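Remarks on the structure that follows.
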Amino acid sequence: MASKDEIRSGHRATRAALPLAALDAAAAGIARHGLRWASGLAGGRHATFAAYLGVGSEPPTLPLLSALVEAGHRVLLPVCEPDLELSWVYWTPESGFVRSRFAPIQEPVGERHGTAVMRDATAIFLPATAVDFSGNRIGQGGGYYDKFLAALAALTAASGEASDALALPTAAVVYDTEVLAAGSIPAESFDRKVDAALTPGGIVRLS
């Protein structure tokens with residue numbers, strides 16, 4: 001079995017070779033299928049979704065963010081803090097971005113909220129470089145989301161839910177070729193499984 005670093009490096013190299021037309025097509029598919037998934041979970045009401053801004057050759061998410069807001073939903077985007085913590089800012093198309101001090105991402109400007117803000121969220125769109133059909137995910141390697149998902153699980157446990165289950169549905173955003181066979185990704189004790197993959201081709205249910 002390939003290591004997480006090997007899988008991540010290989011997929012990053014493939015991503016870097018994608019032409020602009022492929023990124024544009026991916027953005028449209030991700031927005032369309034992501035909005036459909038979110039709307040199904042919202043059940044006809046206006047809801048809140050945690051997401052992120054894809055940069056460079058990552059799967060583009062800006063059209064998805066805009067589509068969610070246009071549909072009447074609220075969007076939370078992450079800000080990297082010291083000690084691998086994430087805080088969250090409500091985003092609108094008018095929001096400004098600044099370069100993160102801690103990671104190679106753009107972060108929204110605005111009032112920051114802690115993990116407890118997820119009590120108001122309906123689902124989470126996660127960054128990833130690969131997922132497998134067992135629900136295992138490879139992130140960007142920084143560790144921020146590992147710590148966030150653990151904090152979210154603790155928040156879930158404190159509210160009386162099962163401690164080994166996330167209260168919120170999760171979808172990792174990847175390209176179609178980055179959804180791997182079950183068991184392809186090494187699972188570690190701190191890993192949290194994701195429910196679905198959001199790809200340009202659609203929603204893929206995992207595990």
Side-chain angles (χ1 to χ4, degrees), residues 2-12 15 48-59 61-62 64-65 74-91 95-132 134-159 161-174 178 185-198 206:
S3 70
K4 285 185 176 181
D5 284 342
E6 289 169 338
I7 296 171
R8 183 185 295 115
S9 296
H11 287 192
R12 282 179 171 167
R15 287 179 173 189
T48 298
F49 295 93
Y52 70 99
L53 179 68
V55 297
S57 59
E58 291 180 339
T61 59
L62 183 57
L64 169 61
L65 306 181
R74 301 186 77 187
V75 171
L76 287 161
L77 297 186
V79 173
C80 295
E81 305 283 9
D83 300 319
L84 300 181
E85 300 282 352
L86 288 179
S87 59
W88 298 87
V89 173
Y90 284 103
W91 175 88
S95 298
F97 284 95
V98 296
R99 179 78 171 182
S100 171
R101 294 181 297 155
F102 302 105
I105 63 172
Q106 294 293 313
E107 297 176 335
V109 177
E111 181 182 357
R112 300 180 184 187
H113 304 271
T115 304
V117 75
M118 294 299 153
R119 294 184 187 277
D120 297 325
T122 294
I124 305 173
F125 295 96
L126 298 169
T129 51
V131 294
D132 68 17
S134 301
N136 299 315
R137 164 187 166 271
I138 298 178
Q140 302 290 4
Y144 285 93
Y145 274 88
D146 291 327
K147 190 167 185 177
F148 162 66
L149 292 173
L152 183 59
L155 185 68
T156 301
S159 69
E161 301 290 340
S163 60
D164 61 350
L166 290 175
L168 300 178
T170 51
V173 186
V174 293
E178 295 171 346
I185 295 174
E188 300 175 74
S189 59
F190 55 80
D191 286 332
R192 302 285 171 171
K193 292 185 182 295
V194 295
D195 302 309
L198 169 58
L206 307 173

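Because the structure is a prediction, the values reported are computed rather than measured. The analysis underlying the following values was restricted to heavy atoms, covering all of them including side chains, and did not include hydrogens, waters or symmetry mates.
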- Looking only at heavy atoms, the pair that brings Pro78 and Leu86 closest together is CB-CD2, 4.1 Å
- In this structure, CE of Met118 is separated from CG of Leu168 (nearest 0.5 Å) by 8.0 Å
- Across all chains, not counting sequence neighbours, the side-chain contact (heavy atoms from CB on, under 4.5 Å) partners of Val109 are Val98
- Residues Val194 and Ala172: closest non-hydrogen pair is CG2-CB, 4.4 Å
Run the side-chain donor-acceptor check on residues 134-144: report pairs under 3.5 Å with partners two or more places apart or on a different chain.
| from | atom 1 | to | atom 2 | distance (Å) |
| --- | --- | --- | --- | --- |
| Ser134 | OG | Gly183 | N | 3.0 |
| Asn136 | OD1 | Lys193 | NZ | 3.1 |
| Asn136 | ND2 | Asp132 | OD2 | 3.3 |
| Asn136 | ND2 | Ile185 | O | 3.4 |
| Arg137 | NE | Pro127 | O | 2.8 |
| Arg137 | NH2 | Pro127 | O | 2.9 |
| Gln140 | OE1 | Arg12 | NH2 | 3.0 |
| Gln140 | NE2 | Glu58 | OE2 | 2.7 |

- Item | Thr61 (side chain) donor-acceptor with Leu64 (main chain) under 3.5 angstrom | no
- Query: Between Arg101 and Pro82, which heavy-atom pair has the shortest distance, and what is it?
  - Reply: NH2-CD, 4.5 Å
- Message: Nearest 0.5 angstrom please: Ser95 OG to Leu65 CG, how far?
- Response: 10.0 Å
- Item | Those residues that, when tested against Tyr90, pass ring pair (Phe, Tyr, Trp, His ring centres under 6.0 Å) (two or more places apart) | His113
- Task: Using ring pair (Phe, Tyr, Trp, His ring centres under 6.0 Å) as the criterion, list what pairs up with Phe49, not counting sequence neighbours.
- Result: His73
- Task: Indicate the atoms forming the closest heavy-atom contact of Cys80 with Ile105, along with that distance.
- Result: SG-CD1, 3.8 Å
- For the residue pair Leu76 and Thr48, what are the closest heavy atoms and their distance? CD1-CG2, 3.8 Å
- Item | Closest non-hydrogen atom pair, Ile7 against Ala130 | CG2-CB, 4.0 Å
Output a table of donor-acceptor pairs, distance under 3.5 Å, between side-chain atoms of residues 145-153 and any protein atom two or more places apart or on a different chain; print 'none' if there are none.
| from | atom 1 | to | atom 2 | distance (Å) |
| --- | --- | --- | --- | --- |
| Lys147 | NZ | Asp83 | O | 2.8 |
| Lys147 | NZ | Glu85 | OE2 | 3.2 |

- Under the side-chain contact (heavy atoms from CB on, under 4.5 Å) test, which residues partner Val79, sequence neighbours left out? Glu81, Ser87, Val89, Glu107, Pro108, Arg112
- Message: Could you check whether any side-chain heavy atom of Leu77 comes within less than 4.5 Å of a side-chain heavy atom of Phe97, counting everything from C-beta outward?
- Response: yes
